[in-house]
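Encoded as structure tokens, the structure appears first; notes follow it.
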Amino acid sequence: EKHKKPINLQSLELLLANMRAGIQVRKTVAVPTVEGLEFIATDDIMYIEADSSYTWINLVNQEKIIVSRTLKDIELLLKGQNFARIHQSY
């Protein structure tokens, strides 16, 4: 019998939130923050920075949101949303 991992409730909530957002042509993404899930309009994202196992999402209104996911995870959430990954010394 295969060893099954326990279900992580936060990951499940994130998955469901992103699936729901995807039904609406994915104009928003749900990201886990210290306060819980935060829904961010993709049009409000100016750029994203990696910071070890965390990611900073920089918004057009100068707000910065720290997310407990890697840049790769966030990149997958934004796939098909006209974001491009550039070199670290942009």
Value rounded to 0.5 Å, distance of CD1 in Ile48 from CZ in Phe83: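 If we round to the nearest 0.5 Å, Ile48:CD1 and Phe83:CZ are 5.5 Å apart.
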
Quick one: CG on Leu78 to CD1 on Ile74, what's the gap to the nearest 0.5 Å?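 Interatomic distance, Leu78 CG to Ile74 CD1, rounded to 0.5 Å: 7.0 Å.
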
Run the salt bridge (Lys or Arg N to Asp or Glu O under 4.0 Å) test against Glu38 and tell me which residues pass, sequence neighbours left out.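 With neighbours one apart ignored, the set is empty.
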
Counterpart residues, side-chain hydrogen bond (donor to acceptor under 3.5 Å, both in side chains), relative to Glu75 (two or more places apart):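 Result, side-chain hydrogen bond (donor to acceptor under 3.5 Å, both in side chains) vs Glu75: Arg85.
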
Please list, chain by chain and in numerical order, all residues satisfying side-chain contact (heavy atoms from CB on, under 4.5 Å) with Ala41, sequence neighbours excluded.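 Ala41 satisfies side-chain contact (heavy atoms from CB on, under 4.5 Å) with Thr28, Asp44 only.
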
Give me each pair satisfying side chain to side chain donor-acceptor pair (under 3.5 Å) with a member in residues 57-71, each pair once, sequence neighbours excluded. Glu49-Asn58, Thr70-Asp73

Evaluate Leu37 against Val31 for side-chain contact (heavy atoms from CB on, under 4.5 Å), listing each step before the verdict. CA-CA 5 Å; Leu37 285 180; Val31 293; over 6 Å; no

Share the residues that join Trp56 in a hydrophobic cluster, the rule being Ile, Leu, Val, Met, Phe, Trp or Tyr side chains under 4.5 Å apart at the heavy-atom level.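 Direct or chained contacts put Trp56 with Tyr54, Ile66.
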
Does the Thr55 side chain pair with the main chain of Leu71, one donor and one acceptor, at a distance under 3.5 Å? yes

